[in-house]
Amino acid sequence: MRKPAWSGWAEPRPPNAPSRVWRDWVLVAVLVPGVVLEGILRPEVPWRVLSVIVGVGLVCTLLWRRTSPLLMVAIAFAVSALLSLVVGGDSPLSTMGFLLLLPYSLFRWGSGREVVAGSAIMLGNLALSLGLGYLSPGNTAGGLVVLSAACALGAALRYRAGSKLRERDQIRLLERERLARDLHDTVAHHVSAMAIRAQAGLATAGSQAGAAEDALRVIKAEASNALAEMRTMVHALRRSEPAELTPGPRISDLEQLAREAGAGPAVDVDLAGAVDEVPSAVAAAIYRLAQESVTNARRHARHATRIELRVTVDETSVRLRVSDDGETGGLRPGAAPGYGLIGMAERADLLGGTCEAGPGPERGWTVTAVLPRTGPTR
């Protein structure tokens with residue numbers, strides 16, 4: 001039997017729910033004196049001491065409303081129901097309205113099963129108050145509207161956070177696919193070079209004594225490079241697409257970006273070190289990161305006149321820095337929430353490096369990336 005695309009009952013809890021943050025302690029610090037102060041200033045409150053004690057105790061449920069939302073809802077509404085039975089009416093303290101944070105947290109952080117069970121508890125509490133005459137039908141309808149609004153807010157924020165998380169995951173998967181395709185093309189190029197060299201060696205082996213030895217030497221080098229690229233490729237995902245038997249972009253190809261500037265800001269490219277000796281996977285990644293950074297600068301840099309692109313290669317790493325001289329007033333359009341930067345960071349991470357972006361020290365925007373020269377070691 002096929003399961004539906006979405007099942008509320010089987011919905012898991014949202015990931016990475018914070019246990020307690022500073023806002024929770026601020027709420028407790030404000031609400032506890034508020035409950036006590038209301039009890040002091042309202043002598044007409046029935047069972048005033050008991051009501052204050054219960055109110056102060058229920059404030060503590062806010063500290064666990066994310067990690068145990070169903071339990072906190074059950075405790076709060078059960079204690080509230082018992083208090084109503086004792087005092088012979090609905091909650092006598094106005095400050096008890098903070099309990100609306102618990103339904104919100106249930107729909108924001110609870111699993112599907114917890115949401116269903118918690119909703120039954122809350123509706124049962126309203127039905128009990130209505131049945132015992134503590135609430136009129138009008139007040140019950142108003143309470144249901146307010147309760148539904150709190151739950152809807154929690155569900156809306158939950159959906160929004162889930163949508164952003166899914167979009168970020170999609171960006172990461174797409175970048176993994178692009179990297180895998182680049183690596184696939186590079187490995188295919190190495191293998192095709194070996195095949196061509198082997199055929200040439202066989203054809204000239206009879207007439208040239210050293211042809212076979214030269215062919216084997218080249219094949220050995222190409223095979224080593226192909227194996228190194230293959231180790232990286234297994235860490236990425238890709239779809240089945242035909243291989244392009246052309247070499248991937250090299251770091252030296254970045255000089256083309258300066259010639260392709262057109263009407264946009266001028267691109268100043270500076271390459272330092274043995275850029276031609278960088279492995280193909282790392283070189284292709286540096287090229288893609290630089291290309292994306294330059295494209296973003298051309299699109300979003302406000303009043304920029306120059307883009308500086310620097311690549312430095314040393315014995316252990318390859319460093320990239322792309323900066324512009326545009327204005328720094330706030331985040332750029334398209335830079336927030338930074339889905340393009342997520343893909344760049346994912347590509348760098350797959351190769352064992354890092355990629356960061358942010359406002360420059362004086363003006364403009366700066367992207368820096370550092371990749372290990374030999375590729376990933378994991």
Running the 4.5 Å side-chain criterion over Ile, Leu, Val, Met, Phe, Trp and Tyr, what cluster does Val21 land in, apart from itself?
none
May I ask you to decide if Ala369's main-chain N or O and Glu356's side chain share a donor-acceptor pair within less than 3.5 Å?
no
Just by distance, do the side chain of Glu114 and the backbone of Ser111 share a donor-acceptor pair under 3.5 Å?
yes
Grouping ILVMFWY residues whenever side-chain heavy atoms fall under 4.5 Å, the cluster of Val30 otherwise contains Trp22, Val26
Using a strict 4.0 Å threshold on nitrogen-to-oxygen distance, state whether Arg298 and Asp324 make a salt bridge.
no
Counting distance only, does the side-chain N/O of Arg321 pair as donor-acceptor with the main-chain N or O of Val311 below 3.5 Å?
no
Heavy-atom pair of closest approach, residues Gly55 and Met96:
CA-SD, 3.6 Å
Salt bridge flag under 4.0 Å for residues Arg310 and Asp270:
yes
Can you list the residues that meet the side-chain hydrogen bond (donor to acceptor under 3.5 Å, both in side chains) rule with Glu308, with sequence neighbours excluded?
none
Salt bridge (charged side-chain N to carboxylate O under 4.0 Å, His left out) partners for Asp314, two or more places apart
none
Restricting to salt bridge (charged side-chain N to carboxylate O under 4.0 Å, His left out), what partner residues turn up for Arg319, sequence neighbours left out?
none
Could you tell me whether the side chain of Thr295 and the main chain of Gln291 form a donor-acceptor pair under 3.5 Å?
yes
Who passes side-chain hydrogen bond (donor to acceptor under 3.5 Å, both in side chains) against Glu44, sequence neighbours left out?
Arg42
